[in-house]
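All values derive from a computational prediction rather than experimental measurement. Labels below follow one simple rule: chain letters A, B, ... track the order of the sequence lines, proteins then strands, and each chain is numbered from 1.
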4 protein chains.
Amino acid sequence: MSGKTRAVICGASGYTGAELLRILSRHPHVEVVAATSERSANKPVTGLFPHLIQFAGLILQPLDVKALADKGDVFFMALPHGASQQAVNSLFDAGKKVIDLSADFRLRNPDVYEKWYKEKHSYHAALSSAVYGLPELYRESIKGASLVANPGCYPTSAILALYPVLKQNIVNTADIVVDSKSGVSGAGRKADLAISFCEVNNGFKAYGVSTHRHTPEIEQELSAIAKTNIKISFTPHLIPINRGMLSTVYAKLKTDISIDEVITIYNNAYKDEPFVKVLPQGMFPDTRYVAGTNYCHIGLSINHNKTLIVVSAIDNLLKGASGQAVQNMNLMFGFDETTALDSLSPVIP
Amino acid sequence: MSGKTRAVICGASGYTGAELLRILSRHPHVEVVAATSERSANKPVTGLFPHLIQFAGLILQPLDVKALADKGDVFFMALPHGASQQAVNSLFDAGKKVIDLSADFRLRNPDVYEKWYKEKHSYHAALSSAVYGLPELYRESIKGASLVANPGCYPTSAILALYPVLKQNIVNTADIVVDSKSGVSGAGRKADLAISFCEVNNGFKAYGVSTHRHTPEIEQELSAIAKTNIKISFTPHLIPINRGMLSTVYAKLKTDISIDEVITIYNNAYKDEPFVKVLPQGMFPDTRYVAGTNYCHIGLSINHNKTLIVVSAIDNLLKGASGQAVQNMNLMFGFDETTALDSLSPVIP
Amino acid sequence: MSGKTRAVICGASGYTGAELLRILSRHPHVEVVAATSERSANKPVTGLFPHLIQFAGLILQPLDVKALADKGDVFFMALPHGASQQAVNSLFDAGKKVIDLSADFRLRNPDVYEKWYKEKHSYHAALSSAVYGLPELYRESIKGASLVANPGCYPTSAILALYPVLKQNIVNTADIVVDSKSGVSGAGRKADLAISFCEVNNGFKAYGVSTHRHTPEIEQELSAIAKTNIKISFTPHLIPINRGMLSTVYAKLKTDISIDEVITIYNNAYKDEPFVKVLPQGMFPDTRYVAGTNYCHIGLSINHNKTLIVVSAIDNLLKGASGQAVQNMNLMFGFDETTALDSLSPVIP
Amino acid sequence: MSGKTRAVICGASGYTGAELLRILSRHPHVEVVAATSERSANKPVTGLFPHLIQFAGLILQPLDVKALADKGDVFFMALPHGASQQAVNSLFDAGKKVIDLSADFRLRNPDVYEKWYKEKHSYHAALSSAVYGLPELYRESIKGASLVANPGCYPTSAILALYPVLKQNIVNTADIVVDSKSGVSGAGRKADLAISFCEVNNGFKAYGVSTHRHTPEIEQELSAIAKTNIKISFTPHLIPINRGMLSTVYAKLKTDISIDEVITIYNNAYKDEPFVKVLPQGMFPDTRYVAGTNYCHIGLSINHNKTLIVVSAIDNLLKGASGQAVQNMNLMFGFDETTALDSLSPVIP
């Protein structure tokens, strides 16, 4: 008996599942005791991900929430949206600590969920207990939470980009533009012509224009920060790279303020944050330097049209998914927040 | 004696020069009689570009404007900004037809040029004769022009995206955002660590934030269309692909208008344009389908925040440079506007 | 009634089908009258391939050999291996000209076919009439053929690399190594996790080691040239690029011969070939310069171990498939062999 | 005073230097006390490599061997070939432990060095003391060495691929073919048109055909293992990826032996090796799974021509350079051989 916290990963055959395994293998206080997959049930994890040699003995099993509930202390749910609801609710009811990487418990208003996801939300009690798992905004609540709704990748990059200025109330909230670009791993691990190499390589395109489901999630959190109802213009794009996400955010300044002052506001807002780095004036992030890490890099500028331009970059699979999930787990269990995350290094070049 | 129009390409060792050669080799009425390069003087064109086998005998020569002036009927100037001014002016004074791919004659106000390019403009007479070479806006003037200032790649994509709605006066001109992304060939053909494979591949970043020199060029033309002074927020980004440029443009609608009506406005504006294609509702461009062609593809959407989103895509080296230059030459010499351009096909996949 | 040769493309929803359409749209003497696809039946060609705007009216139809037989003069069969046999045979029996891009009629000995393809060959009469469609070896036979078996991409690159020296009998035939590398489009257009962007990008691997089905096809043709039974060592690899194939071939020289003499042998062998280019000494091909064209580039060296190294490069979808198919059609119908092929240009960069 | 071993990195502005820094930052017993660079002298390391935040205070200094000699216990020399000779010799004479990542001390016979590198070798005494730093072959000698010549990347992949069968004397040594493919980082970090993004992306080519300088290094070590003079055919190629190297090696078997027996020979040869992994029958390496790690993966096959095909993959910057250098340092100083190396994980996808 190891005395370690026992982790279960539900939905481990995707890229976020693989990253959860990779990170947790470095965690001194956590042991992965089970991992599930429907499509790859009964296969060893290393059959799918040969690099996860630390899990040589681990066999993927079909999801059986009841059987698993007793085995684990913390459950990472990396199931498809919709499929997640019931499983998360069962584990929540069983008193387990749950970190849900799906979108099912992120939107506080179930009507908004149903409108954007075209799916009924049947677990309002669990939903109202869920804490939105962005440590930079909700660290204290996360520490006490049973159910953490791990943020989407686009929302993480957009919210961290805007939090300091919205809190200071210095930008016009009516016409914020969030122009985001994501690597292909955001689309998941699957057989799909649209993400086959020849269809993606050498190209660049927008997708989900005006319809992407991360829109209400971003708006919910920006509105909460600004204490006013915010609607944004959000367009995601597909970059022909594996990992990395960059959001370019435009917000009109309401006051005369210098770029130095803005940078000071960001530095103050994030000065104690282990995973947010505000770049010096004139520097802007490159996804290469955050890929493979749990960091968010932020660069700032004010242009000749009195518009603040914030460029934020994260690794969509780490700070945008599995890294942030482990950060949340660390908070929930009282581990040092950076455990297993600070040794992740970008591979340059 | 062939009876063909004699073309001279000044600055032929770059990617735009190579594309000019490739296109002109397909042109039935034009013959390339000389091509210049300082860094590769006395080398054969095929030493630099083995695929240009049609030019097996053509040797690059140092630029000697006087000597060249007699040899050619039309001059494509693909020289670095600044270096172009004097050469263009000499040829203009000599009564030659000149198409300048540099930025030197694009900004009508020399003060604006000097402010953004940190370089004096010494040829105001030529400047005031120059026609901005965007056929969709200035076709008739181009036909009669001696000096055409070929537009920048970002401006081409941004102006074509906004022309119809600015002309109709249905968007707020105060807070237009142009978020653009370009393939690496936009940076030119040169030895430079910043564009070496390992520094670009697998990454994505913004550059020239708030400072890119195409900003005043875009503003000049948008202002001319809208008949009001427009300032925009413009951010270029680098995509790890060779060719292709995509601009995502945001403009708040001033009136209640449906997406169908907007698409109709665009279709009407571009119905006679051989190289602009407005996509059906719900479809948005992918750079893959314009790369290798002279086309501009445009997709349109209105979001829940009453903002019009226009996505335009071009090949930065073709409609964004050499293709448009040949389109301009066709107009200037009375050739069919699509000659040598309509047989360029994208290579899919 | 156009007087043009009527072409039918069976299996037009793949990349080779799309390339056949693109090339034939440039062909002055051919008209595509029908195109089939099972998975995309009843969809317009432009729904799959937006760049093929010349075929705006063409609707993909399910394969119905009987109904099609009357409509066309020449049939391009781009069906999966195995599925091709019966359809090809029916058209052959109906007296039609058929160019089969599958492997079904390439191996003269049906036992070899059955051994490597694990499939019975039921049409021995058609098989014995089939001509192997490599113009550089079988031009005269192709001109008179009813059924042409269009070569595989790897075999095209390997056979063209070795033909001159095997014919001259100057290399040891016992230990020839063909180490080949192909772009991803060689795997076809399909939903398959193994060729999804994230699984291919940034990687390089061998596949089909010792088991690839192009092995007996290469051996058949090399043996025919050398008039002796040849077995080779052949390993294909996957390059993270869309198009392009490069084979590095090693053969021990039997005689003392200089590299100049070897290059002369190659130049003589290919001096009248429109699509094979032997590079000068010290130069070796880059797939970039053949991608998008029907060319094969060949570079040659002799090393300090008296081994001849031949590097050949083609576009796997053009000289390795659809371009060669049109070259064969041109020969079968008495058109100029380069029609519609010589205007294909590589897109550099 | 930390009690840690003091490391100096000479030539730290390249990719191998950056990787040495990244690895050593994880090493509990080593402290980097100085790093040199001529082109970036007086710049902070983080100015070049923003991800190396652990070295925020470290300023690159010009190389001054005398001044540095007292400061360090171990010297990693990542200088250009030729430039390395004198500096290495001085440190060697000063009694320091030196690991030279250049080629200057790899070839035991200075005549061979001078023939292939076109440079005189002036330090025969140091050369004769140098140990070739491939732990799998020379572990015991490395432990006692003062000067370790760290192997080249291609030699590492080729020698590990062939060592077991050459030792067992079961392949013909006359006609070994080593067909190797490398990511672009192998060319170093520099401004050079030939490795600019647009010149490399989408392409694949051979280079250094019959002339690459790693040839005699591979031959030296294969000959030593086989105890006979071996000449090989070696061709390197450039893959459009940042990292990763794959060698496909062909050797004719002298005896009737099954693939199972061959795999057993490899497993026995490498059973105690921490960084060599022999894959099960039918599996072959993908560079993606070794990139970012110090591992070498090996796959094996025997084809129908009685030829053994060995496919080996490494990360050219790690097992092919900096990782192996640290592995050698660990041996030289009595640290656990895997220290700071076993926590390097590949980033998948």
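Using a 4.5 Å cut-off between heavy atoms, Arg26(A) contacts chain D through its side chain alone, with no backbone atom that close. No part of Leu279(A) comes within reach of chain D, as not one of its non-hydrogen atoms sits under 4.5 angstrom from that chain. When heavy atoms are compared at a cutoff of 4.5 Å, Gln54(A) does not approach chain D at all. Within the 4.5 angstrom heavy-atom criterion, only side-chain atoms of Ile53(A), from C-beta onward, approach chain D. For Asp286(A), no part lies under 4.5 angstrom from a heavy atom of chain D.
With respect to the salt-bridge test (charged N to carboxylate O, under 4.0 angstrom), the residues Glu199(D) and Lys205(D) do not qualify.
Counting heavy-atom pairs closer than 4.5 Å to chain D, the top residue among Ser185(A), Pro50(A), Gly292(A) is Pro50(A).
Heavy-atom minimum distance, Ala12(A) versus Leu60(A): CB-CD2, 3.8 Å.
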**OP:** Starting from the C-alpha separation in whole Å, work towards a yes-or-no answer on side-chain hydrogen bond (donor to acceptor under 3.5 Å, both in side chains) for Arg39(D) and Ser13(D).
**Re:** CA-CA 8 Å; Arg39(D) 58 176 160 165; Ser13(D) 64; 3.2 Å; yes
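Ser157(A) pairs with exactly one of Ile314(A), Val290(A), Asn316(A) by the side-chain contact (heavy atoms from CB on, under 4.5 Å) rule, that one being Ile314(A).
With 3.5 Å as the limit, one finds a donor-acceptor pair spanning the side chains of Lys181(D) and Thr248(D).
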